[in-house]
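Note that this is a predicted model, so its numbers are computed, not measured.
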Amino acid sequence: MSWTTLICGAARHGYSEEAFSLFELMQKEGVIRPNELTFTGILSACVHTGLVEEGQKFFRMIQECGLELRIQHYGCMVDLFGKAGLVQEAYDVIQTMKLEPNVVVWSSFLSTCKVHKKYEMAEKVTEKVLGIVKPDNDGGIYTLIRDFYALGGKWDDAERVKKLMVDQNVRQYKGSSFVGSGRS
């Protein structure tokens, strides 16, 4: 638990190199095996530093260590590919997930589409995302989808999403984020 705490803490606070060094030292010691949470931390470090190839290596290593891939691992990979501008690769991760993608994974993907102006890709998944979003979720995902429709000139669809937000009493919280919010 101590190794994992150190690795995750370093990764969370932007000390990716330290997280990698700790992981390497833990591996070298050979006494403690990494668990699913350890890999979440090390994948987060890859996201912070944009190390796509290393992230892919650690992602494969999870199963090689006999561990289960969790939603957080997939989410890190979507985020990693997305931040690197590899939008199709991020989508491929979602398509091959052994778990059902949650709102956090989809919002990461949609944010990636917005940053890289891949509106057509975002539009492919918006109805699916609207189908899984619960009214008590932060309104950010609704706003993101509405914005995609507006940016694409699909004003009727944008208005439909806005009406859906009003009908379901979806609240928007200023300065809120899906990342680290505990919402899923």
Side-chain angles (χ1 to χ4, degrees), residues 8 11-14 16 39-52 55-56 58-59 69-184:
C8 290
R12 182 175 179 97
H13 293 286
S16 298
F39 280 105
T40 301
I42 206 69
L43 287 173
S44 294
C46 292
V47 171
H48 286 294
T49 53
L51 298 173
V52 175
Q56 290 174 304
F58 289 121
F59 187 75
L69 287 168
R70 294 194 175 169
I71 195 81
Q72 295 88 340
H73 303 135
Y74 288 111
C76 284
M77 293 306 293
V78 169
D79 205 19
L80 178 61
F81 283 129
K83 287 183 177 180
L86 302 170
V87 182
Q88 183 61 52
E89 287 82 348
Y91 184 68
D92 292 345
V93 169
I94 294 171
Q95 292 297 105
T96 59
M97 286 176 62
K98 294 178 182 163
L99 305 165
E100 195 63 35
N102 62 14
V103 173
V104 177
V105 171
W106 282 120
S107 67
S108 177
F109 178 71
L110 289 173
S111 294
T112 291
C113 290
K114 187 173 184 180
V115 167
H116 298 287
K117 297 179 174 42
K118 300 290 186 183
Y119 305 128
E120 306 81 35
M121 284 196 82
E123 197 172 325
K124 276 195 323 194
V125 302
T126 54
E127 292 305 315
K128 184 182 294 190
V129 175
L130 286 173
I132 66 165
V133 176
K134 295 179 181 75
D136 61 338
N137 285 121
D138 185 328
I141 191 86
Y142 288 94
T143 303
L144 191 56
I145 291 170
R146 187 187 68 210
D147 289 350
F148 277 118
Y149 283 132
L151 288 167
K154 298 187 176 196
W155 300 108
D156 290 340
D157 288 324
E159 190 59 37
R160 179 178 55 86
V161 173
K162 185 176 179 182
K163 183 178 179 337
L164 185 64
M165 291 172 72
V166 170
D167 291 349
Q168 294 184 357
N169 198 28
V170 174
R171 300 192 193 288
Q172 292 184 51
Y173 301 101
K174 294 192 187 296
S176 180
S177 169
F178 282 101
V179 179
S181 69
R183 301 177 206 272
S184 59

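- Listed for the Thr49 side chain is a donor-acceptor partner under 3.5 Å among the backbone atoms of Ala45.
- Across Leu144 and Lys114, no two heavy atoms sit closer than the pair CD1-CD, 3.5 Å.
- Between Tyr119 and Cys113, every side-chain heavy-atom pair lies at or beyond the 4.5 Å cut-off.
- Val103 approaches Ile132 most closely through the heavy-atom pair N-CD1, 4.1 Å.
- Under the 4.5 Å side-chain criterion, counting only non-hydrogen atoms from C-beta, Asp92 is not in contact with Phe81.
- Side-chain contact between Gln72 and Val104: absent, with no pair of heavy atoms (C-beta onward) separated by less than 4.5 Å.
- Across all non-hydrogen atoms, the minimal contact from Tyr91 to Met121 is CB-CE, 3.7 Å.
- Atom OG of residue Ser107 and atom CG of residue Asn102 lie 8.0 Å apart, to the nearest 0.5 angstrom.
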Residues Phe109, Val93; criterion side chain to side chain contact (heavy atoms under 4.5 Å, CB included); working and verdict: CA-CA 10 Å; Phe109 178 71; Val93 169; over 6 Å; no
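- Here the CG-OG1 distance, from Leu86 to Thr112, works out to 10.0 Å after rounding to the nearest 0.5 Å.
- Cation-pi geometry between Lys162 and Tyr149 is not met at under 6.0 angstrom from the ring centre and within 45 degrees of the axis.
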Full working for side chain to side chain contact (heavy atoms under 4.5 Å, CB included) between Ile141 and Leu110: CA-CA 8 Å; Ile141 191 86; Leu110 289 173; 3.7 Å; yes
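- Residues Met97 and Ile71 share a closest heavy-atom pair of CE-CD1, 3.3 Å.
- Remark: Lys124 NZ is packed, more than 12 non-hydrogen atoms of other residues, nucleotides or ligands lying under 6.0 Å away.
- Separation of atoms CZ (Arg70) and CG (Leu43) is listed at 13.0 Å; rounding is to 0.5 Å.
- Between the side chain of His116 and the main chain of Val87, no donor-acceptor pair closer than 3.5 Å is present.
- Within the 4.5 Å cutoff, side-chain heavy atoms of Asp147 are placed close to those of Thr143.
- Across every non-hydrogen atom of His48 and Ser16, the tightest pair is CB-OG, 3.6 Å.
- The side-chain heavy atoms of Tyr74 and Ile94, taken from C-beta on, include no pair separated by under 4.5 Å.
- Side-chain contact between Cys8 and Thr40: absent, with no pair of heavy atoms (C-beta onward) separated by less than 4.5 Å.
- Using a 4.0 Å cut-off between charged nitrogen and carboxylate oxygen, Glu127 and Arg160 count as a salt-bridge pair.
- Residues Val115 and Lys83 form no side-chain contact, since every pair of their non-hydrogen atoms from C-beta on lies 4.5 Å or further apart.
- A distance of 6.0 Å separates CG of Leu164 from CG of Leu130, quoted to the nearest 0.5 Å.
- When all heavy atoms are compared, the tightest approach of Ser108 to Val78 is OG-CG1, 3.9 Å.
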What donor-acceptor contacts under 3.5 angstrom involve side-chain atoms of residues 150-159, with partners at least two apart or in another chain?
| residue | atom | partner | partner atom | Å |
| --- | --- | --- | --- | --- |
| Lys154 | NZ | Glu123 | OE1 | 3.4 |
| Lys154 | NZ | Glu123 | OE2 | 2.5 |

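- Using the six-membered ring where Trp is involved, Phe39 and His73 have ring planes that are perpendicular, over 60° apart on the 30 and 60° scheme.
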